[in-house]
Enquirer: 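Mind looking over this structure? Questions follow.
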Amino acid sequence: MIRSYIALGSNLNLPKEQVLTAITTLANIPDCTLISQSRLYGSIAIGPGEQDNYVNAVIAIDTTLTAPKLLATLQSIESQHHRQREIRWAARTLDLDLLLYGTANIQTPELIVPHPRMFSRDFVLRPLADIAPPELLRHYLGENTDIHYSDNDNLWVLAPDDKAITP
Ligand SMILES: Nc1nc2c(c(=O)[nH]1)N=C(CO)CN2
């Protein structure tokens, strides 16, 4: 069993539901066990142009899938969500990023693990900090981890029953 961390992000009309549905789908994959899930966060979209706010979360799973198989599984869940949603809203609706696969370092054209941008993204680090052991965070971020995932105006915790994604 490999402990693996996956980041989820969505910024469509019902991004919270997108993320929660994806977590349920992931929890039901054979060869995967859901270990923990972060709180849900609202976040200002990082990227070009005017975009809706995101909902972001991170989960930990234990899996017997190889990293390429896990990646393929994540991509197929993404495309299921895309296909369903594209009919109505025509947008990219769900991102599933493989952040960490045990302690593996993977550098292939298809997959880079640890995820190359995870350490510069508050919307990944803050939810990761909800669930990752402190020693894991220290391993990747060094001793002074607090600054990397402090709360700020671009990122806020969503209450469990909070349907709105603006602060
Ligand atoms: N706040 C936020 N911004 C983003 C996100 C995301 O998940 N959250 N994902 C992106 C594409 O990977 C681009 N920008």
Side-chain angles (χ1 to χ4, degrees), residues 4-27 32 34-61 67-68 70-86 88-101 104 106-132 136-137 140-141 145-160 162-167:
S4 182
Y5 290 87
I6 295 161
L8 302 96
S10 170
N11 75 339
L12 247 201
N13 279 359
L14 296 170
K16 184 177 167 182
E17 280 70 15
Q18 289 281 346
V19 168
L20 291 175
T21 305
I23 293 173
T24 304
T25 305
L26 281 157
C32 290
L34 181 65
I35 299 299
S36 52
Q37 81 188 64
S38 73
R39 294 173 291 179
L40 298 182
Y41 290 80
S43 65
I44 303 291
I46 292 176
E50 286 281 313
Q51 281 193 54
D52 288 345
N53 293 335
Y54 271 82
V55 171
N56 286 110
V58 170
I59 62 169
I61 61 167
L70 179 57
L71 177 68
T73 303
L74 297 180
Q75 288 171 342
S76 109
I77 295 170
E78 279 182 338
S79 64
Q80 284 164 23
H81 278 247
H82 293 167
R83 242 179 274 132
Q84 283 172 8
R85 293 296 176 177
E86 263 168 14
R88 281 188 189 163
W89 289 303
R92 97 196 243 167
T93 58
L94 180 68
D95 279 317
L96 299 175
D97 286 338
L98 181 50
L99 301 176
L100 298 170
Y101 182 81
I106 302 168
Q107 306 267 343
T108 65
E110 297 77 31
L111 179 62
I112 301 178
V113 172
H115 191 285
R117 287 175 300 283
M118 66 179 284
F119 302 114
S120 57
R121 290 174 161 182
D122 283 342
F123 62 79
V124 174
L125 289 176
R126 190 64 193 83
L128 179 67
D130 281 350
I131 59 170
L136 181 148
L137 297 169
Y140 289 108
L141 297 171
T145 52
D146 285 356
I147 53 162
H148 293 284
Y149 48 81
S150 57
D151 289 341
N152 59 58
D153 289 347
N154 297 322
L155 186 71
W156 56 94
V157 175
L158 294 181
D162 184 3
K163 291 259 188 263
I165 60 159
T166 45

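Just follow the structure's listing: the first ligand is 1, and inside any ligand the first atom is 1.
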Enquirer: Indicate yes or no for a side-chain donor-acceptor contact from N53 to the backbone of G42 under 3.5 Å, with no hydrogens or angles considered.
Expert: no
Enquirer: Within the structure, does I46 bring an N/O atom to less than 3.5 angstrom of an N/O atom in ligand 1?
Expert: yes
Enquirer: Out of A57, G42, S43, who gets a non-hydrogen atom closest to atom 1 (N) of ligand 1?
Expert: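 Minimum heavy-atom distance to atom 1 (N) of ligand 1 goes to S43.
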Enquirer: Do D97 and V124 make a side-chain contact, defined as non-hydrogen atoms from C-beta onward lying under 4.5 Å apart?
Expert: no
Enquirer: So L94 and Q80, do their side chains get closer than 4.5 Å, heavy atoms only?
Expert: no
Enquirer: Run V58 and I131 through side-chain contact (heavy atoms from CB on, under 4.5 Å) and show every step you take.
Expert: CA-CA 8 Å; V58 170; I131 59 170; 3.9 Å; yes
Enquirer: Any nitrogen or oxygen of I44, main chain or side chain, under 3.5 Å from a nitrogen or oxygen of ligand 1?
Expert: yes
Enquirer: Taking the six-membered ring where the residue is Trp, are the ring centres of F119 and Y140 under 6.0 Å apart?
Expert: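 For F119 and Y140, the ring centres are under 6.0 Å apart.
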Enquirer: Counting each atom of ligand 1 from 1 as listed, which ones have a heavy atom of D95 under 4.0 Å away?
Expert: 11 (C), 12 (O)
Enquirer: Using heavy atoms and a threshold below 4.0 Å, how should the contact between N56 and ligand 1 be classified: side chain, backbone, both, or neither?
Expert: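 It is the side chain that touches ligand 1; the backbone stays farther off.
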